[in-house]
Amino acid sequence: MAKGKTFSKPKALSDAHTHYCPGCTHGIIHRLVAEAIDDLGIRGRTVGVAPVGCAVLAYNYFNCDFQEAAHGRAPAMATGIKRVRPDLMVFTYQGDGDLASIGLGEIVHAANRGEKFTTIFVNNAIYGMTGGQMAPTTMPDQRTTTSPFGRKADEVGMPMRMAELLASLATPAYVTRQAVLRPKHINKARKAIKQAFTYQVASRCFTFVEVVSTCPTNWGMTPTDAIDWAEETLLPYYPLGEFKVPE
Amino acid sequence: MAKVLMKGNEAIGEAAIRAGCLNYFAYPITPQSEVAEYLSRRMGEVDGVFLQGESEVAVSYMIFGAAGAGARVFTTSSSPGISLMSEAMSYIAAAQCPAVFVNIMRGGPGLGGILPSQGDYFQATKSVGHGDFRLLVMAPASVQEAVEMTMQAFPLAEKYRNPVMILGDGLIGQMMEPVEFPDHLKVEPVDNSSWATSGMDHRGSKTRNLVKSLFLDPAALNNNNLVLKAKYERMQREEVRWETYNGDGDYDALIVSYGTMSRVCRTAIDNMQAEGLTVAMLRPQTLFPFPEQAVYEAATREQCRVVISVEMSMGQMVEDVQRSVKGHRPVQWYGKCGGEVPTPEEIVEVVTESLAAN
Amino acid sequence: MQSEIMFAGFGGQGILLSGKLLALAAMEEGAEVCWIPSYGPEMRGGTAYCTVVIGDRPIGSPIIRNPRHLIAMNRPSLEKFAPVVKPEGVILVNSSLIPIDSGRDDVDELKVPTVEIARELGNVRCANIVALAAFVARTQVVKLENLRECVKTEFARKPKVIPVNMEAIEAGVKAAGGIP
């Protein structure tokens, strides 16, 4: 019998069962990050930084050193780790409330300094952990528990496009937006995440992978409806692709 | 080594390096910006890390990240900046990481002023951030003592895996005095392989380390708090430090004062002694743990009729003095703040009036 | 025994450096010293002052309301601080910029045209050293030889300016009427 590739769990993931909701895409993104770590053989020198938000317990799901940050501060903590130990491979894993709202200053300045770590930014257009409140990435007219009549752009502005914002900085960086909605997206996201870590291994630049994902629970949709809605609503506003690559 | 004349802020920066701390993150704020200016040059010479962060908030988490990764690290700031860093101190204490914070106090509340003050006593000793934790707080009264305490802060932070604060004031930072950097206070590296996120390969381990402050299970959180409590109780047994002045014989009154304020009191005590009035002073060198027993014993000497807490604040340490004296002597407060420093003459007047009334 | 010397003038007149040089010289002689700057809002207004305390035991209060001596390099400084100098102290008046007296008859007033003297030496920036040397010559608070050494050490990175500063010291001593 021909030796086929059997499905197995990356070494960089732990055996713990996740607390994520049915249909949540965090599990996919965790796996993509773990595969990149395994592929590059860097698990023994990787430190992750967990956010506050749905992924606060990410440290339980990865099998490498981890620190858990305060809300929004993961890029500052990653800066501290990377500056004192440039040989460590450091990544932050942050959601949209964490990164684009309370932690906006930290991510912009870390990117602008060209800190040589990797940020995985999970954009699902809502606060998940705290129960579905409006995020800076929430779409116009999208209903959340704090925008019950839909996001009103004239009151709270338009959704923030973080990849574009960070790509506008003059400091060299790798900035890309991917998605984990369909298999084709996932394959591209896998490559982008591995590319980000590859740049880090070479100490090239700050690396940022935004991942458009879903939150069926807080969107009040079935997982398949959530994927459809994300494709129809999020992707036109949050286009996928590379916004900046190091020269 | 010969003495050198140095500004307190610069001496604190140099002391950290001499103690073996080569990692510094900071954000400018008067009256301590000279530490960052000094170390921006000096860290390069010793192959250390210097980074000016975008805010005190960010800096304090850079400290957390670096400390969590097992590096010896410190920062300096002044009152409003310390408020911004206090959140991270809570996380650092909960995650049991060692780090040193220097607060060169200025007047408050709010933006306050930039002149010396001791208005952050409550903040430093009682409740710097949210949750059940303490800092070990040391209060220098001279540039030399600021140097020694800074050097001692690192092994203490590492012994307890808890943040240590050096609580100085604007004058300690701004004045120049002759200093020596004692060689014996150089700190050797410590083994942090059991907890630091230094990388599994780095420490030759197959198990990962986790630095965190989240304990969703109430029993686990209670347990973590008990571990912290035990450390603070150990500090109270092992780290209490104080000094007395003019307290060997009998005295009529006891002054309790710390930092720069205690030096003004020393001059006042000398002036009173010249007039035939004997007054002693107890100067806490650690504010947490507070020298409760020492204050009690000094206050309850037979001849001592009154205890006065002299502070550059509106009366903060006086609460700890009252607690220590346990009602055995009248305890009163005298102080000024906002950059006004009580003069020796004012202190003499307060002591004299107090003795007349008691 | 303790001496407090206040240096006051405009920012840019070398006020803080003069104080530091005196503190260094005293430290070299084994004295206890403390140099206390003004760093408050007044610094931003263009005036600068510092106080040097020299003693034979650890310095107590670093807050000095009544200094023993005053070196006043501009008129606002003289007007502000002359009244608080202790009796029998020395008040050095930079007569190049100050057309008035201290108004005190219980102090030793020493007028030195520091700017003219420095200009004659070819470097107006060493006026502060002229003043400092004149003050040291009059008060003997430190040895002149130690002051010379401290100036050399302080300017070690700018060796070109050392000779003119040495001349400034001699000129200052002369302006004070020599060593008593």
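To find a chain, count down the sequence lines: A is the first, B the second, and so on, and within it residues start at 1. Predicted model only: the values in this text are computed from it and were never measured.
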Seminar exercise, completed: All heavy atoms of B/A66 vs all of A/G80, minimum pair found to be CB-O, 3.6 Å
For this session: List the steps, then state whether side-chain contact (heavy atoms from CB on, under 4.5 Å) holds for A/R73 with B/V57.
Result: CA-CA 8 Å; A/R73 313 299 171 224; B/V57 173; 3.3 Å; yes
For this session: Examine whether an atom of B/A67 lies under 4.5 Å from a heavy atom of chain A, and if so say whether it belongs to the side chain, the backbone or both; otherwise answer neither.
Result: neither
Exercise. Should the heavy atoms of other residues, nucleotides or ligands under 6.0 Å from CG of B/D217 be counted, would the total exceed 12?
Worked result: yes
Problem set entry | Toward chain A, the part of B/S198 with a non-hydrogen atom under 4.5 Å | both
For this session: Just give me the residue among B/T207, B/I63, B/D201 that pairs up with chain A most often, heavy atom to heavy atom, under 4.5 Å.
Result: B/D201
Exercise. Do B/L214 and A/V56 come close enough that some side-chain heavy atom pair is under 4.5 Å?
Worked result: yes
For this session: Determine whether more than 12 heavy atoms belonging to other residues, nucleotides or ligands lie under 6.0 Å from atom NZ of A/K9.
Result: yes
Seminar exercise, completed: For B/E87 and A/A70 the tightest heavy-atom approach is OE1-CB, 4.2 Å
Exercise. So which part of B/F64 gets closer than 4.5 Å to some heavy atom of chain A, the side chain, the backbone, both or neither?
Worked result: both
Problem set entry | A/A50, part contacting chain B, at a heavy-atom distance under 4.5 Å | neither
Exercise. B/V59, B/L210, B/N23, B/V49: which one forms the most heavy-atom pairs within less than 4.5 Å of chain A?
Worked result: B/L210
Problem set entry | Intermediate values then yes/no, side-chain contact (heavy atoms from CB on, under 4.5 Å), A/E106 and B/Y61 | CA-CA 10 Å; A/E106 281 75 11; B/Y61 284 95; 5.9 Å; no
For this session: Can you measure from CZ (A/R83) to OH (B/Y24) and round to the nearest 0.5 angstrom?
Result: 15.0 Å
Exercise. Under a 4.5 Å cut-off applied to non-hydrogen side-chain atoms, are A/R43 and B/R208 in contact?
Worked result: no
Exercise. Should B/V211 and A/E68 be marked as a side-chain contact (heavy atoms from CB on, under 4.5 Å) after you check the CA-CA gap, both sets of side-chain angles, and the distance that decides it?
Worked result: CA-CA 6 Å; B/V211 168; A/E68 180 230 5; over 6 Å; no
Exercise. Are side-chain heavy atoms of A/R113 and B/E54 found at a separation under 4.5 Å?
Worked result: yes
For this session: Quick one: pull up CD in A/Q67 and OG in B/S213 and give me the separation to the nearest 0.5 Å.
Result: 10.5 Å
For this session: Please round to the nearest 0.5 Å and tell me the distance separating atom NE2 of B/H202 and atom CG of A/D65.
Result: 10.5 Å
Problem set entry | Over all atoms of both residues, closest heavy-atom pair of A/L88 and B/T197 | CD1-O, 3.8 Å
Exercise. Considering residues, nucleotides and ligands other than B/K186, do more than 12 of their heavy atoms fall under 6.0 Å from its NZ?
Worked result: yes
Exercise. With a 4.5 angstrom heavy-atom cut-off, which part of B/N209 approaches chain A: side chain, backbone, both or neither?
Worked result: both
For this session: Find out whether B/K212 and A/F66 are in side-chain contact, i.e. whether some heavy atom of one side chain is under 4.5 Å from a heavy atom of the other.
Result: no
For this session: Measure distances from A/R85 to the heavy atoms of chain B and classify the residue's part below 4.5 Å as side chain, backbone, both or neither.
Result: side chain
Exercise. Under a 4.5 Å heavy-atom cut-off, does chain A meet the side chain of B/L51, its backbone, both or neither?
Worked result: side chain
For this session: Working to the nearest 0.5 Å, report the span between OG1 of A/T79 and CZ of B/F25.
Result: 8.0 Å
For this session: Decide if atom NZ of B/K126 counts as having more than 12 heavy atoms of other residues, nucleotides or ligands within a radius under 6.0 Å.
Result: yes
Exercise. What's the shortest heavy-atom distance between B/G65 and A/I81, and which atoms?
Worked result: O-CG1, 3.2 Å
For this session: Mark yes when over 12 heavy atoms from residues, nucleotides or ligands other than B/Y121 sit less than 6.0 Å from its OH; otherwise mark no.
Result: yes
